[in-house]
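One structure below.
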Amino acid sequence: MSKKSGKKKKRVSIGGQAVIEGVYMRGEKAEATAVRDADGVIRIETARRKKAGRNAFLKLPIIRGIVAFIDSLFGGTKTLMRSAEVYGEGEPSKFEKWLAEKLKINVMTVISVISVVLGFALAVVLFMFLPQVVRGAFEKWFNGGESFGIWAKNFIEGGVKLLIFVLYILAVSLLKDIRRTFMYHGAEHKTITCFERGLDLTVENAKKCPRVHDRCGTTFIVFVLTISIIVMACVEALLGQSVQGVLRVLLKIALLPIVAGLSYELLKLLAKTKSPLVFPLKVPGFLLQLLTTREPDDRMLEVAIASFSAVYEMDNDESIAERKFELPIKRRDLLNKVKATLKENGIDEDAEAEWIISITLGIKRDEVDTDNLVSVKNTDRINALVNERITGRPLWYCIGDTDFYGYRIKVDERALIPRPETELLVEQALKYIDETKTVLDLCTGSGAIAVTISKETGATVYASDISIDALKLARENEELCGAKINFVLSDMFESFDVEKFDVIISNPPYIKSEDIKGLQTEIKDFEPITALDGGKDGLHFYRIIAENAPKFLNRGGVLLLECGKGQAREIKEMLTDFSQVEIIKDYENVDRIVKAVL
């Protein structure tokens, strides 16, 4: 929203209050709360206000002030608690869980009610009972125990109330969170003043505006303290000096709505004029506002402007819909939602939901099923991963990397995703490799095998592949993991001539050509077909290896091959030039690895 600078000043009925890391604004027809959450994102909630015009009685002078006072007391606390939900993080206490699970009570509602009750009780003690006690002490010390006159004792009590209020503000301002709230209070005032001056509603313009305002609640409190002196004095003049002690406190409480209503009318009246004649009446409120407001930073002004703009737009356009805060969610609830979404889309793997959440949050899988809160930003990231996964794209392509033998390996459509069985292949190879050995990783793909052997042994490692894209990915993983590998673009052994290796290791394509179309969507539609297709019987590349590997192995060298289910014995029969051939089972007791010694 933009207002042309230099235009005549505007009057606006929008007001508000500071909340936790945000600003609440309320106009004639709408209200909005803008909060900067723990991720630094401004979240906004808006609502349409009920039309008070339907009840003429509630719009009468003084009555409308009483209504506004009660509304600010309960509504303000509710808004404050709502902002805490947006910004809040952490795990609910056992008591909060008990209330929610056993009694079906909304914890924030309970907190709101308790806050209002305790706040009111504290106000009664500090601003009604204590000043009366102090005035009694004054009478004892300075007036020989005789009661002061009606006006004198009420002015003494008023002065004590004001002193207590100032000391209270100074005390709470020592707390970091309260200081930040006071800064948001300043941002609220600057934003409203910026608009009223006809300036473009920008951070730069708002910074130049004062942080005091005619319609501030702090000034309202000053008026309440002042008018309460006059009202109580008049009532006591009618009732006489018989009203004392607890009865007097109860009378103050009973008169509070009337005092609030009169104070509201005075606040509205004085806010309508800039006349120097009434300026002295505004000065006490402005001075106290210097305590309840602080200079905001640019980010706080952004929040206040966002809140103000949302209300202004809704006040002027009834077609704009309400919106609710996106709130942090418990890990457990998010886990259940992700599981349900995956299952609805044919992915019945609970582990995938756990991986998506644990990797996004940087936590262990066994820490996923807890009541800790997940921020909205992280929830959005998790939902984005889920939406990508349900297209059929493999989980690890969606995430962008996977763990292989303790190393982070980048993965995408340029190469196959390394499987756990291949870690067993590497484990067997490491038994024969040290820093003096030379190793060839044939059909390297992502480079996971070559990276692991290089990092674990310091051996001289060569890695070859027919795919230029796969080799680029393998180079990225070499750099990512800090390995040292010699890359060779080659169709199997074609680019090699006189090189000799101590170990040749390979996980070549071994799926039968006719079986590829029956594979899972995430494999056949996303992983490279050239890395899957092993020819008519799936053994095409093993024949090439069996024929050529002996030419490139040193005497006593070792060949290690991963293969598909049911292929190991046929491969063993091909390796006639090797002195020893052994089949090794995988973790599920499937013949998975063929080891041959030259």
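Note that these values count all heavy atoms, side chains included, but never hydrogens, waters or copies made by symmetry. Throughout, residue positions are numbered sequentially from 1 according to the sequence presented. Since this is a predicted model, take the numbers as computed values, not measurements.
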Note: Lys207-Glu295 ion pair, threshold 4.0 Å (strictly below) = no

Rounded to the nearest 0.5 Å, how far apart are CZ of Arg331 and CG of Asp369?
-> 10.5 Å

Distance (rounded to the nearest 0.5 Å) between Leu425 CG and Ile593 CD1 | 5.0 Å

Mutual orientation of the aromatic rings belonging to His185 and His189 [parallel < 30°, tilted 30-60°, perpendicular > 60°] = perpendicular

Aromatic rings Trp396 and Trp355: how do their planes relate, parallel, tilted or perpendicular, breaks at 30° and 60°?
-> perpendicular

Should Lys343 and Asp348 count as an ion pair when the cut-off is N to O under 4.0 Å?
-> yes

Take Lys524 and Leu532 through the test side-chain contact (heavy atoms from CB on, under 4.5 Å) and record every step on the way to the result.
-> CA-CA 9 Å; Lys524 67 179 181 179; Leu532 296 169; 5.7 Å; no

Tell me, do Ile192 and Met25 make a side-chain contact under 4.5 Å, heavy atoms counted?
-> yes

Would you please test Val374 and Thr360 for side-chain contact (heavy atoms from CB on, under 4.5 Å) and show each step?
-> CA-CA 10 Å; Val374 180; Thr360 302; over 6 Å; no

Taking C-beta and beyond as the side chain, do Arg381 and Asn378 meet within less than 4.5 Å on heavy atoms?
-> yes

Pair Lys377 + Asp39: basic N to acidic O under 4.0 Å | no

Is it the case that more than 12 heavy atoms not belonging to Leu174 sit under 6.0 Å from its CG atom?
-> yes

In terms of side-chain geometry, is the basic nitrogen of Arg389 or Glu349 positioned less than 4.0 Å from the acidic oxygen of its partner?
-> no

Are Phe526 and Tyr397 close enough that their ring centers fall under 6.0 Å?
-> no

Considering only NZ, NE, NH1 and NH2 on the basic side and carboxylate oxygens on the acidic side, decide whether Arg323 and Glu313 come within less than 4.0 Å.
-> no

When rounded to the nearest 0.5 angstrom, what is the spacing between CG in Leu560 and CD1 in Ile505?
-> 5.5 Å

Side chains of Glu423 and Tyr587: is there a donor and an acceptor less than 3.5 Å apart?
-> no

Thinking salt bridges, do Arg414 and Asp412 make one under a 4.0 Å N-O criterion?
-> yes

What distance separates Ile44 CD1 from Arg36 CZ, expressed to the nearest 0.5 Å?
-> 10.5 Å

Supply the atom-to-atom distance Arg475 CZ to Leu473 CG, rounded to the nearest 0.5 angstrom.
-> 12.0 Å

Taking NZ, NE, NH1 and NH2 as the nitrogens, is one of them in Arg49 or Glu28 under 4.0 Å from a carboxylate oxygen of the other?
-> no

Do you see a donor-acceptor pair shorter than 3.5 Å between the side chains of Glu21 and Tyr184?
-> yes

Would the number of heavy atoms belonging to other residues, nucleotides or ligands and lying under 6.0 Å from NZ of Lys565 be above 12?
-> no

